[in-house]
Every structure is written in C-alpha cells, then in structure tokens.
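Structure, as structure tokens:
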Amino acid sequence: MERDFFAAVYDVVRLVPHGRVTSYGAIAKFLGSGRSARAVGYAMNASHGVTPAVPAHRVVNRNGVLSGKHHFGSENAMADRLRAEGISVVDDTVHHFRDVFWDPECLLQQPSP
DNA sequence: ATGCTGACGTCGC
DNA sequence: CGCGACGCCAGCA
C-alpha cells in the first residue's frame, strides 16, 4: 500500500483507460475510505507537474460534472480533452457518464492475464 | 503553532 | 425530500 495517499490517488487515476472517466468518491472508496473523496480532490490539485503525468481530466465528481475544470489553465481545457477521447461533454457535464464511468474496483474483478 | 481553505461524498435530521 | 454537518489530507497565512 502506498503510504502516500496522494501517490495512491495518482496511481489509480493513471490506470483510468483512455476514453473513460472516474469519480473522486470511487477512487476514495477504492483506497479504503469512502469518505476521503475530498482528499482525492486535494491530491489532484497537487497533481500538477507530477510525473508520470496524471490524467486528472478523467476525474470528475459523482454527478459527472467537471468540478475541477477551473484548474486546467483554460476553462475548456478539461472538457476539450475529454471530447478528444470521445467523451461527450456539455455544460461542463459528462453525458452518458454512467456509460463511460470506470470504477477502479474493476481491477479487482479483472483477473490479470 | 493554529486555523482556514479547497477538484467531494456520505450520513443524519 | 431538502439542508446541514462531518470526515478526509495538504498547503498556506
């Protein structure tokens, strides 16, 4: 287990498949504490400049809203990136969120080949 | 050193 | 069904 909560968050976010998104709560729950969703958001705030790069744009709140789009330099940077991956984003909200949503727990279900 | 704030979510009333 | 409070972690004044 990563002793650094932030490091664990980055690791999970980097595992998010291309064209998929996840939520703060899902990551928090995966890490063990379902109530540490907040901490996950703080981790993303510090994810700037972290290597390897962390696809923070694939992380949205449980409503599928790009709550952190203000931290991407440009207001449309986050939405634009998601669209580039084939994700429909309208009004700062991910459409078909349920469909493109990726749960880290999926790793536990998917047996490593 | 202490307190507040900030990319959220769940539980309680 | 709507609103409030708590929990979580780190950075900064």
Side-chain angles (χ1 to χ4, degrees):
Chain A
M1 289 309 202
E2 326 302 325
R3 279 171 296 176
D4 296 329
F5 191 87
F6 280 33
V9 173
Y10 301 149
D11 194 33
V12 175
V13 175
R14 282 190 288 243
L15 291 173
V16 178
H18 180 273
R20 284 285 210 289
V21 296
T22 189
S23 63
Y24 304 94
I27 297 169
K29 190 172 185 179
F30 179 74
L31 294 178
S33 299
R35 291 177 188 156
S36 49
R38 226 177 176 183
V40 175
Y42 308 153
M44 312 260 68
N45 192 10
S47 68
H48 284 280
V50 176
T51 48
V54 179
H57 61 273
R58 292 183 190 150
V59 184
V60 296
N61 64 1
R62 78 159 195 97
N63 293 308
V65 179
L66 284 54
S67 46
K69 74 166 206 158
H70 270 256
H71 291 257
F72 277 79
S74 294
E75 295 296 312
N76 290 0
M78 189 172 183
D80 193 40
R81 262 186 180 154
L82 292 172
R83 283 179 190 168
E85 298 189 356
I87 298 173
S88 303
V89 180
V90 178
D91 192 32
D92 305 333
T93 307
V94 177
H95 275 205
H96 307 291
F97 176 60
R98 204 177 99 164
D99 195 38
V100 297
F101 177 75
W102 178 83
D103 195 329
E105 286 189 10
C106 183
L107 297 171
L108 304 178
Q109 273 185 54
Q110 302 270 345
S112 29

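Chain letters run A, B, ... following the sequence lines, proteins first and then strands; every chain starts at 1. These values consider heavy atoms only, across backbone and side chains, with no hydrogens, waters or symmetry-generated copies.
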* To do: Tell me yes or no: between the side chains of Arg14(A) and Tyr10(A), is some donor less than 3.5 Å from an acceptor?
  => no
* Answer with base, sugar-phosphate or nothing: what part of the nucleic acid does Arg38(A) contact at a heavy-atom distance below 4.0 Å? => base
* Asked: So what does Asn45(A) hit on the nucleic acid, given a heavy-atom distance under 4.0 Å: a base, only sugar-phosphate, or nothing?
  -> base
Once you round it to whole Å, what is the distance between [atom2] of [N] and [atom1] of [X]?
X        : N       : atom1 : atom2 : value
Phe30(A) : dT10(B) : CZ    : P     : 17 Å
Arg62(A) : dG9(B)  : CZ    : P     : 7 Å
Tyr10(A) : dC9(C)  : OH    : C1'   : 11 Å
Phe97(A) : dC8(B)  : CZ    : C1'   : 12 Å

* When you match Gly34(A) and Phe6(A) each to their closest nucleotide on DNA chain C, which lands nearer the 5' end? -> Gly34(A)
* Asked: Are the charged groups of Arg20(A) and Glu85(A) less than 4.0 angstrom apart, N to O?
  -> no
* If you check the His71(A) side chain, which of dG7(C), dG6(B), dC9(C) turns out closest? -> dG6(B)
* Asked: To the nearest 0.5 Å, what is the distance between CG (Asp92(A)) and CG (Leu82(A))?
  -> 10.5 Å
* To do: Verify the neighbour count for atom NZ of Lys29(A): are there more than 12 heavy atoms of other residues, nucleotides or ligands below 6.0 Å?
  => no
